[in-house]
Structures are given as structure tokens and as C-alpha cells.
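Letters go in sequence order (proteins before strands), and every chain restarts at 1.
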Amino acid sequence: MNKAIKKTISVLAYIWAAICLLTVFVIFIGSNPLSSLIAKLPFVKVDPIYTGGEIVKSYRSTSDSLLLIQVHEPVFSALIGESRNGFIQMEFVPSAPALPQHISEIIDYDSDGTNDFEVTFDTTTGETSLKACPSKQMSISVSTRVEDHWQVRVALPNPRYASTCTTCSNCPNNK
Amino acid sequence: MYSTTHKLGKSLLWLLPMLLLLIFFLNGGSLYCSDWKRAISFWLTFLFFGTLFFMMLYSGKTDKWRAIGFVTIAILFCISFMTNLIDLRGTVMYSSNEIRGCNVPFCHIVTTMVILPMAIKQTIIFPGTILGSFASIAPMLLIVFGVMIALGRGFCSWGCFYGGWDEGASRILKKPVIKKVSRGLRWVSFAVLVAIAIVSAFELSPVYCDWLCPFKAVTEFEEITSTAVIFKTIIFWSLFIGLCIVLPLLTKKRMQCGTFCPMGALMSISNKINIFKVKIDKDKCINCKACTKVCPTLSIGEKDILKGSASFTCTKCGKCIDKCPKDAIHYHIAGTPVNKGQSATRLIFLYAAFSFMMILNGGSIMQAIVRILNLITNGSLM
């Protein structure tokens with residue numbers, strides 16, 4: 001190889017090594033702005049399987065005005081496409097310092113004017129029950145205190161794959 | 001006499017910028033500390049890192065002084081991390097509460113499990129926070145990708161706050177009890193990387209953290225609430241005792257880092273593009289194989305000696321460089337002449353690697369010292 005080319009490559013290599021050295025300082029000195037930039041990247045968001053998905057509805061309970069109910073979008077997370085089974089997450093956030101002992105709420109998660117299920121739980125024992133149309137195949141998957149609020153996850157099949165609902169005596173709509 | 005004075009002067013001269021960096025990164029550029037415990041922790045950390053770097057410059061040996069820092073960091077990091085968790089949540093165990101609230105600290109090893117879903121699904125399959133909390137995701141990703149560019153797999157011997165466990169155990173005995181360790185075992189870590197990346201992506205769950213990570217034994221682990229968790233606990237404790245203590249002790253090799261850690265495998269791939277290499281001068285080499293015997297990650301074999309460079313799994317610890325009786329091995333910047341500027345190359349690499357070690361772990365060391373001072377004065381680490 002030509003001597004001049006060798007020398008140029010060598011100089012470039014030293015410059016690149018110096019950049020590597022500077023990178024060490026930049027990632028720590030510029031940690032806050034660079035982390036904020038990374039956080040804005042489209043692929044840097046926690047999967048809804050952990051966050052519960054976006055909150056689509058937030059309202060005060062009709063039975064207890066001090067209780068805020070946050071309903072998340074249904075989550076059918078899969079690596080590709082949607083999974084057959086998913087969940088819907090709700091948070092019950094108290095305005096008062098403590099959660100009421102008994103909470104019972106009818107939820108219309110898709111805002112179609114039809115009540116989808118009724119969830120009842122005891123915040124001291126954690127005992128939780130669900131009343132829903134059996135054809136919807138819903139069940140409680142999580143019911144727990146998280147920090148100052150209560151979180152409930154209702155497992156549900158993906159409507160894309162599920163059969164259509166037929167009204168029955170267990171349906172909260174018939175209340 | 002002149003040579004010693006000259007060497008001392010030169011070492012002190014090159015130490016000076018590092019001392020300024022230490023003051024800047026450990027205490028925000030000030031020598032003032034708000035309370036006496038913080039002052040003691042700052043000055044001890046400052047002296048510790050300052051002495052190690054000076055000794056590297058003055059003695060010309062890298063690995064001996066690096067290892068002292070590296071092992072100390074692993075122990076003090078765990079003291080700092082665990083006591084920090086006890087302060088935050090009252091226990092080192094994490095419950096469903098932390099998972100449901102997305103409050104689990106994100107460690108660098110998780111990167112290996114989130115890569116595929118990040119690329120395919122554009123989400124991170126980990127119950128952590130993106131910004132603003134202790135060990136959140138965005139700053140950790142910045143550090144991981146930054147260090148891949150800056151040091152490549154040098155991270156595994158200079159930055160990783162876990163690696164000191166098996167490194168420490170591998171240095172206890174003078175001679176190995178198990179003398180022959182197959183170099184083929186290095187590929188296990190790549191198999192682990194591929195397997196956990198694929199399984200985690202399909203499960204949408206960080207399976208290595210959940211089931212295999214041995215360092216849960218010295219950081220945080222799941223609250224035992226079911227038979228599955230008991231099973232997981234037995235697995236990670238067995239892996240910790242086997243891979244981080246017993247096997248390194250018997251083989252004098254870093255068995256967890258060299259043969260099992262998926263992060264090590266990922267970092268090895270980044271070594272391919274990293275500019276800092278370890279070269280073997282074939283003209284000086286007498287083929288004594290001292291380097292192959294001492295390499296803690298099985299990264300130098302006969303083929304590598306013939307090729308004139310360490311394998312891509314090299315962690316740039318410097319052990320082979322220090323051991324070589326003919327000074328045939330040295331740090332090298334890819335693209336530069338092999339036999340020229342070796343001191344300058346070593347200095348640039350040491351500045352990059354040692355600064356990374358000091359900046360990433362200095363805070364943990366200082367915090368651990370404060371905790372130990374608390375224990376001495378109040379009888380409690382808190």
C-alpha cells in the first residue's frame with residue numbers, strides 16, 4: 001500500500017480512537033439530554049403488557065365520587081400481530097388518603113353504551129369477583145394494590161377470534 | 001536514577017488530567033463536601049482511583065491494578081445497590097407491586113432480551129421506566145450503546161459492575177485445579193444470547209432476568225410467593241455459586257463472563273467494530289503460550305497467536321500483555337502500524353477504559369462507603 005494512504009489511515013484511526021475516548025465523557029456529561037432524545041425514539045416505550053396500555057377513559061365512580069377510575073385500552077400484545085388472549089387494565093385511584101374497603105363498579109370499557117362486566121373487590125383481603133357474560137370468557141387475572149391505588153386486570157379473549165355475545169342472565173346489562 | 005525520575009515525572013504528568021476528571025465526575029468539580037461522611041467517601045474514592053491509575057502508568061502493568069478496582073467495584077456496587085433498594089422499598093426482593101408499577105431497575109444485561117422486540121414490535125419488554133427513576137431504561141441504553149462504540153467488549157473488564165465476582169474468585173488460588181478448559185465453551189454464551197433473545201421476544205418477557213441471571217443473588221430477586229419462584233431461586237443461586245464462585249476458583253477463568261453471559265456475547269460482536277484491539281507481535285512471540293494459559297475469557301488460542309491478534313471475545317483486561325515474557329502483546333488501534341506508538345495507544349485506551357470505569361462506578365463506591373460509615377457510627381447501614 002502507498003505510504004501516504006497508510007499514513008492517512010493511521011491518522012484517521014487515531015482520530016477515531018480519540019472520538020471513542022470522547023464518547024466515554026459525552027455519554028455521562030450529556031446523559032440527561034441524550035437520554036431524553038433516546039426516550040423520544042419510536043421504539044423506546046414500555047410494552048403495554050407491562051404498562052397496561054394507554055388510558056382511554058378516566059371518570060369518577062358513580063357510587064363514590066372520591067374514587068377515580070382509569071380504564072386502559074384492551075391489550076392483545078404479541079411479537080407479531082395480536083394474541084388470541086389479552087387483558088384490560090383498570091386503576092382505582094382514591095382522592096382520599098386511603099382506598100375504600102369495598103369497591104364495586106360496572107365497566108363499559110369500549111364505550112359502546114353496553115356494560116361489559118362488573119368487578120367487585122375488597123381492598124383489605126384482595127378478594128375479587130367478576131360478573132360478566134359467560135360467552136365473553138372473561139376472568140380476573142390481577143387484582144392488587146400498586147402504590148396508593150388498586151389495579152385490576154381482566155383477562156379477555158381477542159374479539160377478532162371470539163364468538164359473538166348472546167345476552168344471558170349473568171350479563172351486567174340485565175341489572 | 002534518571003530513568004526512575006523520568007518515569008515518575010511522566011506518570012505524574014499523565015495522572016494529572018485523570019485527577020481533574022475524578023474531581024469533576026465524583027464531586028461535580030468541587031473539593032467541598034456538605035458533610036463529613038460524604039467528604040470521607042469522596043477522598044477515599046479519589047485516592048483509590050488515583051492510586052490505581054498512577055500505578056498503571058508507573059508500573060507499566062495494567063491487569064493487576066485494573067483487577068483490584070474491578071473486584072472492589074463489584075462488592076461495593078452490591079452493597080450500594082442493595083441498601084439503596086432497602087431504602088426505597090424496604091427490601092431487596094421485588095414483588096408483583098414493582099412489576100405492576102413498572103418500577104424494576106433496568107440493568108445492562110436486559111439489553112440482550114429487548115433487542116428483538118424493539119426491532120420488530122417497537123416496544124421494550126421490561127417493567128421499568130423510560131426516564132426519571134433509579135436505573136431507568138433510556139440512560140442505560142445510552143450507556144450500553146455508547147460503550148459498544150467506545151470500548152467494545154472492554155466493557156466486560158472495565159465497566160461491568162458484576163464481572164468482579166468471578167474475576168475475584170478466579171484470583172484466589174495461585175494455580176488452577178482444573179487445568180484444561182475447552183475454548184469451545186465460549187460459544188455457549190452466544191447460544192445463550194440467541195436463545196434468550198428469541199424466547200424473550202416470543203414470550204414478551206425478559207426470560208434471562210426471570211430465570212437465569214446469577215447476579216440476582218447479589219442484587220435483587222423475586223419475592224418467594226410460589227413454587228415457580230422457589231424453583232427460579234434455586235436456579236439463580238446454583239448458577240451464582242457454580243459460575244461465579246466455584247468454577248472460576250477451580251479454573252482461574254471467568255466462567256460466567258466467558259462462557260455464559262449473553263451480554264458478553266453481545267459485547268463480543270461489538271468488538272468487531274471497536275477500534276481498540278489486542279495485537280500479538282509474531283516476530284517477538286516465542287510461542288510459550290503464557291497468554292493462552294492466563295487469558296480469563298479463553299480469548300487467545302494457537303490460531304489467534306498465528307493470526308497476530310486476540311479473538312473477538314477479548315475483554316481487553318491486559319492480563320496477557322502483563323504476562324508476556326517478550327513484550328510481544330500490546331494494545332493496538334486498528335489501522336495504525338503494529339510496532340509503532342504502543343505507549344500512546346496504551347495511554348489512549350487506558351484513559352478511555354479507566355475513565356469509563358471510574359465514572360460509571362464512582363458514585364456506587366462513594367455511596368457504599370457512606371453506608372459502611374453509617375454502620376460504624378450508627379450500627380446500621382441505612
Would you say the side chain of [Y] lies within less than 4.5 Å of the side chain of [X], judging by non-hydrogen atoms?
| X | Y | answer |
| --- | --- | --- |
| A/L79 | B/E203 | no |
| A/F28 | B/L360 | yes |
| A/Y50 | B/L204 | no |
| A/F43 | B/V114 | no |
| A/Y14 | B/T345 | yes |
| B/F356 | A/I27 | yes |
| B/F126 | A/V46 | no |
| A/F25 | B/L21 | yes |

So which part of [X] gets closer than 4.5 Å to some heavy atom of chain A, the side chain, the backbone, both or neither?
| X | result |
| --- | --- |
| B/S205 | both |
| B/F25 | side chain |
| B/A334 | backbone |
| B/F24 | side chain |
| B/L142 | both |

Let's test your reading of the structure: which of [options] forms the most heavy-atom pairs below 4.5 Å with chain B?
| options | value |
| --- | --- |
| A/G30, A/A39, A/G52 | A/A39 |
| A/L34, A/L37, A/V24, A/I29 | A/V24 |
| A/T51, A/L41, A/V142 | A/V142 |
| A/S77, A/P42, A/A18, A/P48 | A/S77 |

Interatomic distance, A/E147 atom CD to B/R100 atom CZ [nearest 0.5 angstrom]: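 Taking CD in A/E147 and CZ in B/R100, the distance rounds to 13.5 Å.
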
Distance (rounded to the nearest 0.5 Å) between B/L350 CG and A/L21 CG: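 Between B/L350 CG and A/L21 CG, I get 11.0 Å after rounding to 0.5 Å.
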
Taking side chain as everything from C-beta outward and backbone as N, CA, C, O, which of these in [X] sits under 4.5 Å from a heavy atom of chain B? Side chain, backbone, both or neither.
| X | result |
| --- | --- |
| A/I49 | side chain |
| A/R145 | backbone |
| A/I80 | side chain |
| A/Q151 | side chain |
| A/V11 | neither |
| A/T144 | side chain |

Please answer whether the main-chain N or O of B/I124 pairs with a side-chain N or O of A/K45 as donor and acceptor at a distance below 3.5 Å.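 Between the backbone of B/I124 and the side chain of A/K45 there is no qualifying donor-acceptor contact (under 3.5 Å).
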
Qualifying side chain to side chain donor-acceptor pair (under 3.5 Å) pairs, either residue in residues 20-44 of chain A, two or more places apart: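 Not a single pair qualifies under side chain to side chain donor-acceptor pair (under 3.5 Å).
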
How about [X]: does its [atom1] atom have over 12 heavy atoms from other parts shown lying under 6.0 Å from it?
| X | atom1 | answer |
| --- | --- | --- |
| A/E127 | CD | no |
| A/E54 | CD | no |
| A/W16 | CH2 | no |

Among B/P127, B/G146, B/P117, residue most engaged with chain A (heavy-atom pairs, under 4.5 Å):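 If we count pairs closer than 4.5 Å to chain A, B/P127 comes out on top.
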
Distance-minimising heavy-atom pair for B/I333 and A/A13: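 Heavy-atom minimum between the residues: CG2-O, 3.6 Å.
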
Where at least one partner belongs to residues 116-138 of chain B, residue pairs that pass salt bridge (Lys or Arg N to Asp or Glu O under 4.0 Å), sequence neighbours excluded: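 Non-adjacent pairs meeting salt bridge (Lys or Arg N to Asp or Glu O under 4.0 Å): A/D47-B/K121.
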
